[in-house]
Visitor: 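Below is a structure I'd like to ask you about.
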Amino acid sequence: MSEKRRERPWGPAAASGIGSMPGTDAREAARTVLGSLDAPEHLPHLPELPARGPGADMLGRTAGLLAELYVQLEPSGWRIADRPGRDTRRARSWLGEDLDALEEFTQGYGQQDPARAGLKVSVVGPWTLAAGLQRRSGEAMLGDPGACRDLAASLAEGLAAHLAEVRKRVPDARIVLQLDEPSLTSVLTGSVRTASGYRTYPAVGRAVVEGTLRELIGAHDGPVVVHSCAPRVPVALLRRAGAAGISLDLALLTEREEEPVAEALEAGVALFAGVVPTVEPETGALSDPAGSVGGVRSLWRRLGLSPGLLAESVVVTPACGLAGASPAYAREALRRSVRAARSLADNPT
């Protein structure tokens, strides 16, 4: 087992969020996340607030981190620009607000249990970024292998500066990096559409995808979790690339994908199991916390894994981001994740 997989700055019966939260108030979002996931075993995260508008969305936020690459917002989406303009400055300003709020609510963070002072920071991964960012022609960067390489290098440099800033503000935190890759499967299967919508970009070779991810994962000196709430997450590829954790919507996992999940777990990869609904059910009724993780227990039995390792190997999360939830339900979803994680530890079978 690699050092990054062995070194887990969270404990058994851990819960975490995905990233996005509702509303536009950075202080309230930080208060909610840090307050809901306040025990040392849990893994709080730097919130994202896409409701604030362009530049606070997932893609624009990460594009604002790029080194020596700049973006502007066009009617068709985010596009590479010649120089930093209003849209880049706005993205960086929103992120600055988020970091200010994080710093305010993490005073003394890590002093209770330094070994478990995990803090998760999310950015869009290189392949979803390549599928979502446009070249000056209006076509995605994905269509140009050289542009993809340049983009990955720019992301790695910008991300290093971003994580250094997080460490400066929360010096005792042990940073867990999350790469959001919802387009990864589409990149691998050649189903990302061109600007016209009539064609798709060619599939990128699995070795190229894996190599790019391995380089980025290897550049971070702590654990890296790769997240996707899309179907058919390439679990085996992510394991080989060095991911310490794989975060997915458990309801989308098919029987065919269970064997790669078992192999990843046996290799020491953590499963961030998205089991709590991201929006309040229309009936207003949620299953009890134990019921929320019933699918995790069933999966464990089918895989033939030791029940004693369940709470150590699984982190309970909402199924995806909580940007579409009400503030009250977002708090409830995080609290329910905490209670469900405790239920796994108390009753793994």
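Throughout, numbering of the chain's residues begins at 1 and tracks the sequence.
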Visitor: So, does Y201 use its side chain to make a donor-acceptor pair with the main chain of A140 at under 3.5 Å?
Guide: yes
Visitor: How many angstroms lie between CZ in F105 and CZ in R31, if you round to the nearest 0.5 Å?
Guide: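 Rounded to the nearest 0.5 Å, the CZ-CZ separation comes out at 4.0 Å.
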Visitor: State, yes or no, whether a side-chain contact exists between P260 and R239 at a heavy-atom distance under 4.5 Å.
Guide: no
Visitor: Show the atom names and distances, to 0.1 Å, of all donor-acceptor pairs under 3.5 Å that link a side chain in residues 243-256 to residues at least two apart or in another chain.
Guide:
| unit_1 | atom_1 | unit_2 | atom_2 | d |
| --- | --- | --- | --- | --- |
| S247 | OG | H227 | ND1 | 3.0 |
| D249 | OD1 | A251 | N | 3.0 |
| T254 | OG1 | E257 | OE1 | 2.9 |

Visitor: Quick one about D57 and W78 (side-chain donor to acceptor, distance below 3.5 Å, no hydrogens or angles considered), yes or no?
Guide: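 Checked: W78/D57 side chains pair up, N/O donor to acceptor below 3.5 Å.
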Visitor: Would you find a donor on one side and an acceptor on the other, under 3.5 Å apart, between the side chain of R79 and the backbone of Q72?
Guide: no
Visitor: Taking all heavy atoms of A203 and all of T189, pick out the closest pair and write down the distance.
Guide: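 Heavy atoms of A203 and T189 come nearest at CB-C, 3.9 Å.
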Visitor: Give a yes or no on whether V121 and W94 share a hydrophobic cluster (residues Ile, Leu, Val, Met, Phe, Trp, Tyr; joining criterion: side-chain heavy atoms under 4.5 Å apart).
Guide: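 No, V121 and W94 fall in different hydrophobic clusters.
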Visitor: More than 12 heavy atoms of other residues, nucleotides or ligands under 6.0 Å from CZ of R92: is that the case?
Guide: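 Yes, enclosed.
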Visitor: Take T212 and V204 through the side-chain contact (heavy atoms from CB on, under 4.5 Å) test and state the conclusion after the steps.
Guide: CA-CA 11 Å; T212 299; V204 180; over 6 Å; no
Visitor: Using modelled atom types and a 3.5 Å cut-off, is there a donor and acceptor pairing between side-chain atoms of S313 and backbone atoms of L309?
Guide: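 A pair under 3.5 Å: yes.
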Visitor: Are L129 and L179 co-members of a hydrophobic cluster defined by side-chain heavy atoms under 4.5 Å apart?
Guide: yes
Visitor: Are V170 and L119 close enough that some pair of their side-chain heavy atoms sits under 4.5 Å apart?
Guide: yes
Visitor: Are M58 and I18 co-members of a hydrophobic cluster defined by side-chain heavy atoms under 4.5 Å apart?
Guide: no
Visitor: List the steps, then state whether side-chain contact (heavy atoms from CB on, under 4.5 Å) holds for L184 with V233.
Guide: CA-CA 8 Å; L184 185 57; V233 176; over 6 Å; no
Visitor: Does the pair L49 and T24 meet the rule for a side-chain contact (heavy atoms from CB on, under 4.5 Å), with working shown?
Guide: CA-CA 6 Å; L49 299 174; T24 60; 5.7 Å; no
Visitor: With clusters defined by side-chain heavy atoms of hydrophobic residues (ILVMFWY) lying less than 4.5 Å apart, directly or transitively, does V315 cluster with V33?
Guide: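 Result: no, two separate clusters.
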Visitor: Can you find a pair of side-chain heavy atoms, one from S76 and one from Q134, that are under 4.5 Å apart?
Guide: yes
Visitor: Tell me whether R339 at atom CZ has more than 12 heavy atoms from other residues, nucleotides or ligands lying less than 6.0 Å away.
Guide: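 Result for CZ/R339: enclosed.
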Visitor: Not counting sequence neighbours, which residues clear side-chain contact (heavy atoms from CB on, under 4.5 Å) with R206? List them please.
Guide: L188, P234, L237
Visitor: For D98, is there an ion pair with R61 - N to carboxylate O distance below 4.0 angstrom?
Guide: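 Looking at R61 and D98, the cut-off is met.
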Visitor: Before accepting this row, confirm whether a basic side-chain N of the pair D100/R169 lies closer than 4.0 Å to the acidic partner's carboxylate O.
Guide: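 A salt bridge is present here (some side-chain N lies under 4.0 Å from a carboxylate O).
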Visitor: Is any side-chain N of the basic residue among E332 and R335 closer than 4.0 Å to the acidic one's carboxylate O?
Guide: no
Visitor: To the nearest 0.5 Å, what is the distance between CG on L99 and CD on E104?
Guide: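 If we round to the nearest 0.5 Å, L99:CG and E104:CD are 13.0 Å apart.
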Visitor: Just how far is it from atom CD of E103 to atom CD of E165, taken to the nearest 0.5 Å?
Guide: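 Between atom CD of E103 and atom CD of E165 there are 8.0 Å.
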Visitor: Output yes when a side-chain donor or acceptor of T194 lies under 3.5 Å from a complementary backbone atom of T200, and no otherwise.
Guide: no
Visitor: Within the 4.5 Å heavy-atom criterion, are Q178 and H45 side-chain neighbours or not?
Guide: no
Visitor: Report whether L133 and L159 are members of the same hydrophobic cluster (ILVMFWY, side-chain heavy atoms less than 4.5 Å apart, transitive linking).
Guide: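 Shared cluster, yes.
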Visitor: With heavy-atom distances below 4.5 Å as the criterion, would you say the side chains of H42 and V338 are in contact?
Guide: yes
Visitor: If you look at every heavy atom in H220 and L163, which pair is closest and at what distance?
Guide: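 H220 and L163 have their closest heavy atoms at ND1-CD1, 3.6 Å.
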Visitor: Could you tell me if the side chain of V235 sits less than 4.5 Å from the side chain of E263, heavy atoms only?
Guide: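 SC-SC contact between E263 and V235 ruled out.
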Visitor: Let me see the working for L155 and L216 under side-chain contact (heavy atoms from CB on, under 4.5 Å), right down to the final yes or no.
Guide: CA-CA 9 Å; L155 175 61; L216 193 58; 3.8 Å; yes
Visitor: Can you find a heavy atom in the side chain of F272 that is under 4.5 Å from one in the side chain of V316?
Guide: no
Visitor: Which pair of heavy atoms, one from R297 and one from N347, lies closest together, and at what distance?
Guide: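 Where R297 meets N347 most closely, the heavy atoms are NE-O, 2.6 Å.
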Visitor: Could you check whether any side-chain heavy atom of Y109 comes within less than 4.5 Å of a side-chain heavy atom of L34, counting everything from C-beta outward?
Guide: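 Heavy-atom side-chain distance check passes, below 4.5 Å.
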Visitor: More than 12 non-hydrogen atoms from neighbouring residues, nucleotides or ligands closer than 6.0 Å to CZ on R301, yes or no?
Guide: yes
Visitor: For the CH2 atom of W127 and the CG atom of L151, what is their distance to the nearest 0.5 Å?
Guide: 9.0 Å
Visitor: For V269 versus R8, what's the shortest heavy-atom pair and its separation?
Guide: C-NH2, 3.7 Å
Visitor: Is there a salt bridge (Lys or Arg N to Asp or Glu O under 4.0 Å) between R52 and E97 once you walk through the steps?
Guide: CA-CA 11 Å; R52 291 181 300 196; E97 285 190 14; 3.8 Å; yes
Visitor: Is it true that D346 and R342 have a side-chain N and a carboxylate O under 4.0 angstrom from each other?
Guide: yes
Visitor: When rounded to the nearest 0.5 angstrom, what distance separates CZ in R331 from CG in L322?
Guide: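 R331 atom CZ to L322 atom CG measures 12.0 Å (nearest 0.5 Å).
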Visitor: Here's a test for you: under side chain to side chain contact (heavy atoms under 4.5 Å, CB included), which of S16, S36, P44 qualifies with L334?
Guide: S36
Visitor: So, does S183 use its side chain to make a donor-acceptor pair with the main chain of T128 at under 3.5 Å?
Guide: no
Visitor: Hey, is E41 close enough to R116 for a salt bridge, meaning N to O under 4.0 Å?
Guide: no
Visitor: To check you understand the geometry: which heavy-atom pair defines the closest contact between M21 and A330, and what is its length?
Guide: CE-CB, 4.0 Å
Visitor: Is a side-chain N or O of E280 found less than 3.5 angstrom from the main chain of Y329, in a donor-acceptor match?
Guide: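 Absent.
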Visitor: Within the side chain of R90, is there an N or O that forms a donor-acceptor pair under 3.5 Å with the backbone of P54?
Guide: yes
Visitor: Can you tell me how far the CG atom of D172 sits from the CD atom of Q107, to the nearest 0.5 Å?
Guide: 10.5 Å
Visitor: Which pair of non-hydrogen atoms, one from P9 and one from V176, has the smallest distance, and what is that distance?
Guide: CG-CG2, 3.5 Å
